Amino acid sequence: MTQDQELQQAKKILLGGGVVGLPTETVYGLAASIQSEEGLRKIFAIKDRPFFDPLIVHIASANQRSQVARDWPPAAEALAKKFWPGPLTLVLPKNPSINSVITAGLDTVGVRMPAHPAARALISLMETPLAAPSANKFGKTSPTKAEHVRDSFRDENLFVIEGGPSEVGLESTVVRLSSSGGPAEILRPGAITQRQIEDTLKAAGLDMPVVRAESSASPGHTPQHYMPDLPLVIIEAEGPRIPAEKQKKIFDDFQLSSSAHGVELLLDTSPKLAARSLYSKMRECAEQNFDFIYVFRTKYRTGDLWDAIWDRVDRAASGKY
Ligand code: TXA
Ligand code: MG
């Protein structure tokens, strides 16, 4: 199929109340039309996603934004101008017409303009925004390739648009903005860093603090998330070997025999590459014939994008040693 044919096929499915796998530059999404309650409900059903976890709405042009958000404060304008299309989701007061299935009954909505050309093309073709969470079963590793999506939903016969590997590799930064001038709250760290957000607001003449919200502020960003199919442990050491006393503790905690073997999740030294390949590597490690996965939290892997990477690894981990 050509990409045009894929997009036409996806449109047909979405108009019929179905869902499709959608490539984006962050991770692949599981998309439905915001006009189709049937499609929206299907997202929750096939992901096993709890109904209290709201979906992000994806738009392709600035004039679609008022269909989604009720207010557009100056901070939203400044951040969208700088980072859209791209890996930034803004949480804003919702337009009353937005289906409460999307927002899990909240009066705010997450909105993002993705950069991936296939995502933009499908939204334009549909002439309506698409709601899409990451295309994985709830709590599991997010997909960064079309085949990851097919693997996660083998039983559903899901149609996935082929879009190549996701360039960013981590889910978008989620920032909540209030209309009444409160702080900008980072609900989920991502490729757009706190410093970039602060600098952008300052450059726009907006004097507002940027804070990292308590994780309970993001309904779906639970402590246990992104988990691979094998237990993953973080070793607080420089490597390359697991210190003997830590190894013993891991074997005890996971009731492994003394002949058990771990496989190392080897992160790239460049944070950009580490982010891009993180979820693929987690999947590859889990598919191999080992008993657990381990990763070293080395000292030089700190700051900026590393914060988002460790946020995901921390949530994917079953233990820290
Ligand atoms: O990069 C991404 O954001 C990807 C691609 C597909 O766009 N999507 C994604 O969606 O990661 P999901 O559903 O896996 O994560 C969305 C996060 C969840 O933690 C959810 O709780 C939060 O955004 N969220 C959405 N709407 C919200 C709202 N109104 N208030 C607070 N948090 C919200
Ligand atoms: Mg997700």
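Everything numeric here is computed off the predicted structure, so don't read it as measured data. Both ligands and their constituent atoms are indexed starting at 1 by order of listing.
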> Should Gln35 and Thr128 be marked as a side chain to side chain donor-acceptor pair (under 3.5 Å) after you check the CA-CA gap, both sets of side-chain angles, and the distance that decides it?
Replying inline: CA-CA 8 Å; Gln35 312 287 355; Thr128 185; 3.3 Å; yes
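Using a 4.0 Å cut-off between charged nitrogen and carboxylate oxygen, Lys249 and Glu245 do not count as a salt-bridge pair. A salt bridge between Asp311 and Arg315 is present, with a side-chain N of the basic residue lying under 4.0 Å from a carboxylate O of the acidic one.
Nearest protein heavy-atom contact of atom 19 (O) of ligand 1 is Ser218 OG, 3.3 Å.
For atom 10 (O) of ligand 1, the nearest non-hydrogen atom from the set Pro143, Ala31, Ala191, Ser134 comes from Ser134. Between Lys94, Arg49, Arg188, Glu171, it is Arg188 that holds the heavy atom closest to atom 15 (O) of ligand 1.
Counting only residues at least two apart or on different chains, the ring pair (Phe, Tyr, Trp, His ring centres under 6.0 Å) pairs with a member in residues 68-116 are Trp72-Trp84.
Using a 4.0 Å heavy-atom cutoff, Thr103 is absent from the residues neighbouring ligand 1.
Counting only protein N, O or S atoms, the number found under 2.8 Å from the Mg ion (ligand 2) is 1.
Between Pro189 and Gln194 the shortest side-chain heavy-atom distance does not fall below 4.5 Å.
Taking the salt bridge (charged side-chain N to carboxylate O under 4.0 Å, His left out) definition, one finds that Lys281 meets it with Asp268, sequence neighbours left out.
Checked against the 6.0 Å centroid criterion, the rings of His261 and Phe292 do not qualify as a close aromatic pair.
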Distance-only donor-acceptor hits, side chain of residues 156-169, under 3.5 Å, sequence neighbours excluded:
residue : atom : partner : partner atom : Å
Glu162  : OE2  : Gly164  : N            : 3.1
Ser166  : OG   : Thr24   : O            : 3.0

